Structure formats: structure tokens, C-alpha cells
Amino acid sequence: VGCKTSHFKNPPGPWRLPIIGNLLTIMHDPHLALTSLKQKYGNVMQIHIGTVPVVVLSGFETIYQALVVQGDDFKARPDFYSFRFIGNGKSLTFGKDCGDVWYERKRMAQRALKSFSTSSNPMSLSSCYLETYVTREAELLIDKFIDLMKTAGHFDPYRYIMLSVTNVICAVCFGRTYDYNDKELTELLELNSEFGKNLIFRFTKFIQLIIHDHNQNHEMGNIRDITDKLIAECRMRSQSEYKHKALSNDDITSIVLDIFGAGFDTVSKALSWSLMYLVSNPTIQQKIHAELDAVVGQNRLPKFSDRAQLPYMNAFILEMLRHSSFVPFTIPHSTTRDTNLYGFDIPKGRCVFINQWQVNHDPDLWRDPFIFRPERFITTCGKIDRNLSDKVILFGMGQRKCIGETIGRLEIFLFLAILLQKLEFSVSADVTVDMTPIYGLTMKHRRCDHFKVCARV
Ligand code: HEM
């Protein structure tokens with residue numbers, strides 16, 4: 001079945017049932033099920049979801065070969081029904097297009113993101129916009145946690161983390177932030193647990209209104225945020241020889257939607273997983289405190305420029321990304337043409353899953369992969385082991401690689417450094433936190449209402 005000629009060599013895979021294929025095997029925790037199938041069938045295997053064949057790639061080298069060395073062959077997205085509604089099918093993340101227009105949009109989104117994150121902020125003493133925004137939100141978050149301790153004695157940090165991270169991406173995209181009690185934003189974020197048409201519709205409406213507002217108040221010499229920058233590029237192009245490449249309002253909406261959507265959920269999950277690891281590993285938290293005290297002290301706030309001097313904090317973040325692997329698969333890929341990977345034939349248009357979780361728990365790469373041990377990333381000279389840290393994959397690789405990796409990593413670092421400089425986190429003595437991941441495009445943990453903080457000064 002599926003052979004084009006007698007020489008066509010399909011990747012191996014498990015026996016399947018008619019109609020449902022291997023659905024029953026991979027329905028629950030597919031990252032674990034596919035990791036265990038990999039033991040039997042290898043790094044390039046094929047399963048069936050219903051009647052649809054899907055190639056599943058595991059192993060660092062194999063994934064590197066496909067996404068980087070043969071990157072042009074594996075850079076498309078499958079035409080899933082659920083992807084068609086995102087950004088009216090024009091999403092640069094989920095859309096079908098992966099040619100020149102897509103490439104140019106991705107570059108444009110990258111440039112816009114850089115201008116309002118890591119570029120210097122002329123209005124502030126911080127090193128860049130992102131530092132200004134994260135510092136402000138982290139300080140508000142500390143006040144909120146201390147306040148919640150005074151009123152209730154314990155709390156669930158998730159909602160507030162999500163609002164703070166959303167405010168950072170709102171500042172980058174729209175030049176504005178929202179109050180913790182803002183009805184419009186909190187309702188929208190409550191919806192985020194459903195990845196459905198309704199959510200996409202509400203998000204699109206929310207962003208369309210902001211873009212409409214920006215269009216009304218746009219001044220060419222005063223570019224305040226990503227939305228302004230995209231509108232400016234769009235207006236400039238519509239008057240130039242690149243008229244045919246001009247962006248419509250719909251295009252701007254879909255780019256902003258892509259950045260906004262990817263930017264708040266992932267970083268919020270990273271921070272909330274970090275807090276879970278900190279309260280379940282008090283000794284590790286103490287080591288981070290000690291390092292912060294020695295390098296930053298209490299007389300000033302941590303900054304991006306402290307990052308290189310805080311190897312233990314960096315090792316903790318790497319281990320949190322590796323151990324949780326909270327983005328277990330990349331977004332599905334698909335092939336742009338007939339191709340061959342390590343001797344296996346893969347036809348054009350084949351859906352491809354990339355199992356990041358497997359790489360991050362591969363016993364060939366990691367000693368005791370299930371143990372949470374930041375020290376594994378620190379060399380005998382006390383520096384981060386770059387060879388090893390490059391093996392953690394959570395942002396994809398190659399042409400479809402995440403465009404928010406730099407700012408995602410910076411945000412996680414600075415939020416944690418500021419929170420941990422001032423606070424010690426714990427849970428009530430009789431509580432054990434449940435770290436079992438709940439499967440999804442991004443994995444969450446069960447909410448925990450028993451967090452406590454204690455001020456460190
Ligand atoms: C794509 C992970 C933060 C914007 C992706 C992909 C992964 C990922 C796994 C898919 C790669 C693939 O399909 O091969 C993460 C993680 C983050 C993070 C773990 C934080 C810890 C961000 C942030 C932004 C962002 C902060 C924007 C501000 C995007 C975009 C894409 C993407 C636009 C689509 C790229 C494409 O389809 O070509 N990310 N991401 N991400 N990410 Fe991120």
C-alpha cells in the first residue's frame with residue numbers, strides 16, 4: 001500500500017487498523033507513544049492517523065538532516081482543516097504558502113519583532129524595549145504575589161503570569177498594556193484553553209480593532225510598535241515600485257496575530273513550569289538565590305547584561321526546557337517535493353511530525369534523562385556546556401524555526417531573575433505538586449492554588 005513503484009521504499013511503521021489507522025495507539029500522550037514506537041521502527045517511521053500517512057522523525061541527527069540539510073524539502077505545512085481559519089489562511093505560521101511571499105513575510109515579521117524588542121529604547125535607560133517591558137511587568141507581578149499572600153495566604157500564579165507575559169507582547173505589538181482586571185483581555189485569555197474557531201475569531205476581532213485604531217492615528221515619523229511598523233511598510237510599498245508586494249490590512253492582522261498568539265502562550269507556560277520546578281526542588285532554588293545575591297545583589301535590578309554571569313540560572317532554564325519539553329512536537333511540517341531521507345522515500349505533500357520530546361529525553365544524548373539536574377549543563381570550569389545546550393530542541397530548526405527564540409529566552413531569563421531576586425517560592429508543606437504534563441501543542445501542568453511567596457529583603 002502506498003508504493004509508487006516496486007522500488008519505492010516506505011519508512012517502516014506499526015501495523016494499523018482499517019479506517020482509524022494507529023489512532024488508538026497514539027491518542028493519549030502521542031509524544032510518549034511515538035517515542036516508544038521509535039525504539040522498534042527507528043528515527044524515520046510512518047504511522048497512519050485515520051487513513052492519512054504521517055512520517056515521524058526522531059533523533060537529533062535525523063531531524064537536523066531533514067530540517068536543515070534537506071530543509072527545502074521539509075519546510076511546508078500540511079493543509080489541515082483547523083489551520084485554514086487562522087489569519088484567514090494567511091498565517092505565516094500555519095498557512096500553506098512556503099514560497100517567496102511567505103519567506104519575505106517571515107523576514108518582515110522578524111525585523112518588526114527585533115525593532116521593538118532587542119533594539120535600544122530611546123525613551124528609557126534600559127538596554128532595549130524588551131528589558132523595559134519585562135522589568136515593569138515583573139515588578140508588578142511581585143507586588144501582586146505579595147498582595148495575594150496578605151489577603152489569601154496562598155495563590156495560583158498562572159493567571160497573573162499569563163497576564164504579565166501578555167502585557168509584554170501587547171507592549172511590543174501594540175504599544176499598550178492592560179490592567180490585571182481588564183475584562184476584555186482576561187476573557188480572551190480564559191478562552192485560550194480551547195484551540196478552536198471561536199478563539200481564533202475572538203483574537204482576530206481583538207487585533208483588527210487595534211489595527212484599525214493604529215491606522216487612524218498613524219504618523220509616519222512616530223513608529224511606536226510592531227503594528228505601526230507594519231502599517232508604515234505597507235504604506236511605503238503601496239506608493240513604490242513594490243506596489244504588487246504591498247500588505248493589506250488582512251496581511252498585517254495575520255502577522256500580528258501570529259506574533260501575538262505564539263508570544264504569550266509559550267512564554268507563560270515556560271514561566272509557570274519554572275515555578276513548579278522551583279517549588280519542588282528547594283535546593284535548586286537556593287542555588288539560584290545564592291548566585292543572584294553574589295552577582296547582582298539587592299541594590300539594583302537584574303538586567304539582560306547579567307545573563308552571561310549567571311550560569312546556574314541559565315542551566316536551570318535549559319533543564320526546565322529540556323525536562324518539561326512543553327512543546328513536544330513542532331508544528332506539523334509537510335514535504336514540498338518527492339524526497340528521500342536515509343534511504344526512505346517520502347512523497348510530496350506528506351505530513352511530517354518532529355518529536356522534540358524524544359530528542360530531549362534520548363538516553364544516547366542525556367545521562368539519566370528523567371532526572372531534573374541543571375548541573376548537567378555546567379562544565380568543570382563553571383561555564384555552560386554549549387555543545388550540550390545546543391542539543392536541547394524546543395524551538396524547531398531550519399527554515400521553520402521559531403522567530404521568537406531570542407526574545408522568548410530573554411524574557412524567561414529576566415522574569416525569573418527579577419522574581420527570584422526578591423522572592424522565595426514554596427508550596428504549603430502538606431501539598432505535593434502534580435507535574436504530570438497535560439498533552440497539547442504546548443503542554444500545561446495541573447493548576448496549583450497552594451503557592452506561597454516570602455520576600456527576601
Ligand atoms: C514557531 C517554540 C516563543 C513566534 C515555533 C515552533 C516552535 C516554537 C516549536 C515551530 C517550529 C516548527 O514548526 O518547526 C517556541 C517556544 C517559545 C516560543 C518553546 C518560548 C519558550 C515564541 C515567541 C514568539 C514566537 C515569544 C513571538 C514573539 C513564532 C512564530 C513561529 C514559531 C511566528 C512560526 C514560524 C514558522 O512557521 O515559520 N515556535 N516559541 N515564538 N514561533 Fe515560537
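Treat the numbers as computed from the prediction; the structure is a model and nothing was measured. Just so you know, ligand 1 is whichever comes first in the structure, and atom 1 is the first atom listed for that ligand.
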note = The atoms of ligand 1 lying under 4.0 Å from a heavy atom of Ile259, numbered in the order shown, are 27 (C), 28 (C)

Aromatic centroids of Phe203 and Phe264 separated by under 6.0 Å = yes

request  = At a cut-off of 2.8 Å, list the protein N/O/S atoms near atom 43 (Fe) of ligand 1, residue plus atom name.
outcome  = Cys402 SG

request  = Return the orientation label for the Phe145 and Phe155 ring planes: parallel under 30°, perpendicular over 60°, tilted otherwise.
outcome  = parallel

query = Is it the side chain, the backbone, both or neither of Trp273 that has a heavy atom closer than 4.0 Å to ligand 1?
reply = neither

query = Do Lys303 and Glu131 meet the salt-bridge criterion of a basic N to acidic O distance under 4.0 Å?
reply = no

remark   = In terms of its nearest heavy atom to atom 11 (C) of ligand 1, the top option of Lys75, Lys269, Arg400 is Arg400

request  = Determine the interplanar angle of the Trp357 and Phe370 rings, folded into 0 to 90°, and report it as parallel if under 30°, tilted if 30 to 60°, perpendicular if over 60°.
outcome  = tilted

key: Flag if over 12 foreign heavy atoms under 6.0 Å of CG, Asp368   = yes

Candidate with minimal heavy-atom separation from atom 9 (C) of ligand 1, of Leu271, Ile331, Ile317, Leu394 = Leu394

note = The answer for which part of Ile169 has a heavy atom under 4.0 Å from ligand 1 is side chain

request  = Look at atom 12 (C) of ligand 1 and find which of Gln356, Gln110, His333, Arg409 reaches it with the closest heavy atom.
outcome  = His333

remark   = Under 4.0 Å between heavy atoms, the region of Lys106 that gets near ligand 1 turns out to be side chain

inquiry  = Under 6.0 Å from the ring centre and within 45 degrees of the ring axis: does the NZ or CZ of Arg409 meet both conditions for the six-membered ring of Phe413?
reply    = no

query = Does some non-hydrogen atom of Thr442 fall short of 4.0 Å from ligand 1?
reply = no

task = Consider every N or O of Arg77 and every N or O of ligand 1, then say whether any pair is closer than 3.5 Å.
result = yes

key: Arg386 with Asp390: basic N within carboxylate O range, under 4.0 Å   = no

query = Do other residues, nucleotides or ligands put more than 12 heavy atoms under 6.0 Å from the NZ atom of Lys114?
reply = no

inquiry  = Heavy-atom contact check, 4.0 Å cutoff: does Phe94 meet ligand 1?
reply    = no

Approximate separation, where rounding is to 0.5 Å, of Leu341 CG and Ile346 CD1 = 5.0 Å

message = Out of all atoms in ligand 1, which are within 4.0 Å of some heavy atom of Trp102? Include the element for each.
response = 38 (O)

request  = Please find out if less than 6.0 Å separates the ring center of His323 from that of Phe372.
outcome  = yes

task = Please check if the distance between the ring centroids of Phe174 and Phe260 is under 6.0 Å.
result = yes

